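Read through the structure below, which is laid out as structure tokens, and then see the notes.
Start at 1 and go down the list; that is how both ligands and their atoms are numbered. No experiment lies behind these values; they were computed from the predicted model shown. When a residue number appears, it is its place in the shown sequence, counting from 1.
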Amino acid sequence: MAEGHRRLVAVSNRVGPLNDEGKAGGLAVGLSDALKRRGGLWFGWSGNTSSKGTFSEATTEVEGNVAMATIDMSEEELQGFYYGYANRSLWPLLHYRLDLAEFDRQSDRIYRSVNQRFAARLAPMLDDSDLVWMHDYHFFYMGSELRQCGFKGKIGFFLHIPFCSPEIFTALPSSHDIVRAMLAYDVIGFQTDTDRRNFANFCVRELNGQKLPGHRLQVGDRIIVADTFPIGIDAPGYARFAVSPEAGEHEEMVREIAGDRLQIIGVDRMDYSKGLVERFRGFERLLEEYPENRGTVQFLQVAPLSRSELGAYVELRRELEELAGHINGRFATLDWTPLQIMTRGFTRRALAGIYRAARACLVTPLRDGMNLVAKEYIAAQDSDDPGVLILSRFAGAKAELPDALIVNPYSTDDVARAIQRALTMPLDERRRRWETMRDAVFHGTAAHWCDSFLDRLERSGRDEDGPAGEALAEAHPS
Ligand code: ADP
Ligand code: F6P
């Protein structure tokens, strides 16, 4: 590929960090691993609000070969764009939670205007030879807005979260506007084939589009590529983290506290999509149905707070704390607390050590774009004594990790049975399953994800694809 010839410009709501700081979120982790390798510009929100909002001066920070340029949002922009449209409308909807989705005109308007403002601020920093790569559901309109600003180069888009089925997506009042705007992108990437198919089916059924060979879609006379590019982690780097002194200290600490007990771990942002309530109930069922585990296992759930201004997240925290109290109250003894929940962040090295100390890892989201925790757990294991991954059938990672113990996270019995199986699994089976998964995690790295997406973007507009940079007038919502 023509790596190094064109500058990469990545755009996402959250920018950085590029170091080992504790920071919960798969996008930041995957993208920083990829950007550090290739270099380029990373543009997005500063994480701050100010009265000037998106008109504030851009702050630029350079770390090695990556420049990070960020702008503020005003309080009104933050509320309407991030808390409102992105996280009250799009997030629940795309995670199949129509029951939690709220739609209102005001946040829809602010979401569009923030997309327009970010495009207007980015445009002067660009050259038409740049490869622009936008990320996630915060910026569905931004490619189309960048075209309105006159940018003629290639623009790709990657969706880190699921794309729900068209039956659900059409409930969004602006669903047609959003997908039409997305046609301004040259390449759209999804985590799984299911997400890609859902998007293609929306284009066919709702916009009279047509599927073309080579994962291309035609709507009107616009042809774009919509393909699957599963995100990964820097697996060799992560495996090195897991044997670093900091990881060793944390591994030791967890092992010491566990003593003879087997440790189970869960690591997730505190989000309703992660299936934490169902997971806790599964653990409770384990203690009910398989009483030999009472006093001999302990479960640590690391769950950093996320989006805690939103009602659904406040309610989730209350429910989880209540449920943890109920389970501990029911089963704890003077010298044993079955379940511990912790909301603090860890550095990536520390987390790698904690993973390594755990006999089983519960990754049981009700829906997840990919889930990088599953891949990190595999990369962190000791080849002589690897732990067992219990993985939801609704996590994107399931496609690459079928050798995990696959569960239906909605079934308390299924989760309890899988935990029991993990705790009693013989070493040779643990090794065999782990080796296949390790190969998959080391093959599908962040570097591989980045290279294959950018390679497809470079090639778009050539060969059989439609003309790049040609945004249809209809692709721009009125
Ligand atoms: P999502 O993007 O929905 O949060 P992922 O599982 O894909 O879910 O990514 C979560 C990322 O956040 C992982 O890299 C994980 O290590 C990191 N993370 C989660 N919890 C913590 C924590 N307490 N401290 C540091 N990093 C965390
Ligand atoms: O990976 C999905 C994702 O929504 C990212 O886009 C986001 O950065 C991360 O989870 C954490 O969410 P937030 O940025 O809302 O804290």
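- Proximity to K274 (heavy-atom distance under 4.0 Å) selects the following atoms of ligand 1: 1 (P), 3 (O), 8 (O).
- Stacking of R307 on the aromatic ring of W91 is recorded, both the 6.0 Å distance cut-off and the 45° axial limit being met.
- Note on D72 versus K52: no salt bridge recorded, every NZ/NE/NH1/NH2 to OD/OE distance being 4.0 Å or above.
- For ligand 1, the polar-atom distance check finds no N/O of D368 at less than 3.5 Å from any of the ligand's N/O atoms.
- D177 has a carboxylate O that lies under 4.0 Å from a charged side-chain N of R112, or vice versa, which qualifies the two as a salt bridge.
- Between D451 and R37 there is a salt bridge, with a side-chain nitrogen of the basic residue lying less than 4.0 Å from a carboxylate oxygen of the acidic one.
- Residue-ligand proximity, P304 to ligand 1, at heavy-atom distances under 4.0 Å covers atoms 20 (N), 21 (C), 22 (C), 23 (N).
- The proximity of E376 to ligand 1, defined as any non-hydrogen pair under 4.0 Å, is limited to the side chain.
- Annotation for ligand 2: atoms under 4.0 Å from non-hydrogen atoms of W91 are 4 (O).
- Within ligand 2, counting atoms from 1 as listed, the ones closer than 4.0 Å to a heavy atom of Y82 are 13 (P), 15 (O), 16 (O).
- Near N371, meaning under 4.0 Å from one of its heavy atoms, ligand 1 places the atoms 6 (O), 7 (O).
- Checked against a 3.5 angstrom limit, the closest N/O atoms of H160 and ligand 2 fall outside it.
- Here the shortest heavy-atom distance to atom 20 (N) of ligand 1, taken over D268, L351, V267, V302, belongs to V267.
- Ion pairing of D234 with K36 is absent here, as no side-chain N (NZ or NE/NH1/NH2) approaches a carboxylate O to less than 4.0 Å.
- Ion pair D227/R197 not flagged as a salt bridge, since none of the NZ, NE, NH1 or NH2 atoms sits closer than 4.0 Å to an Asp/Glu carboxylate oxygen.
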Side-chain donor-acceptor pairs under 3.5 Å in residues 394-411, sequence neighbours left out?
| unit_1 | atom_1 | unit_2 | atom_2 | d |
| --- | --- | --- | --- | --- |
| E400 | OE1 | K375 | NZ | 2.9 |
| E400 | OE2 | K375 | NZ | 3.3 |
| N408 | OD1 | Y410 | N | 3.0 |
| S411 | OG | D414 | N | 3.0 |

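- With a 4.0 Å cut-off on non-hydrogen atoms, M370 does not touch ligand 1 at all.
- When all heavy atoms of F163 and F190 are compared, the pair lying nearest together is CB-CE2, 4.0 Å.
- Less than 4.0 angstrom separates some heavy atom of G345 from each of these atoms of ligand 1: 22 (C), 23 (N), 24 (N).
- Between the choices R14, R269, R307, the shortest heavy-atom distance to atom 12 (O) of ligand 2 belongs to R307.
- Across all non-hydrogen atoms, the minimal contact from N371 to K274 is ND2-NZ, 4.0 Å.
- Proximity annotation for atom 4 (O) of ligand 1: of M270, K375, R269, M342, R269 comes nearest, heavy atoms only.
- Every atom of ligand 2 is numbered from 1 in the order shown, and the set under 4.0 Å from a heavy atom of H138 is 6 (O).
- Ion pair D193/R196 flagged as a salt bridge, since at least one NZ, NE, NH1 or NH2 atom sits closer than 4.0 Å to an Asp/Glu carboxylate oxygen.
- Not a single heavy atom of M370 sits under 4.0 Å from any atom of ligand 2.
- For ligand 2, the atoms lying closer than 4.0 Å to a non-hydrogen atom of D136 are 2 (C), 3 (C), 4 (O), 5 (C), 6 (O).
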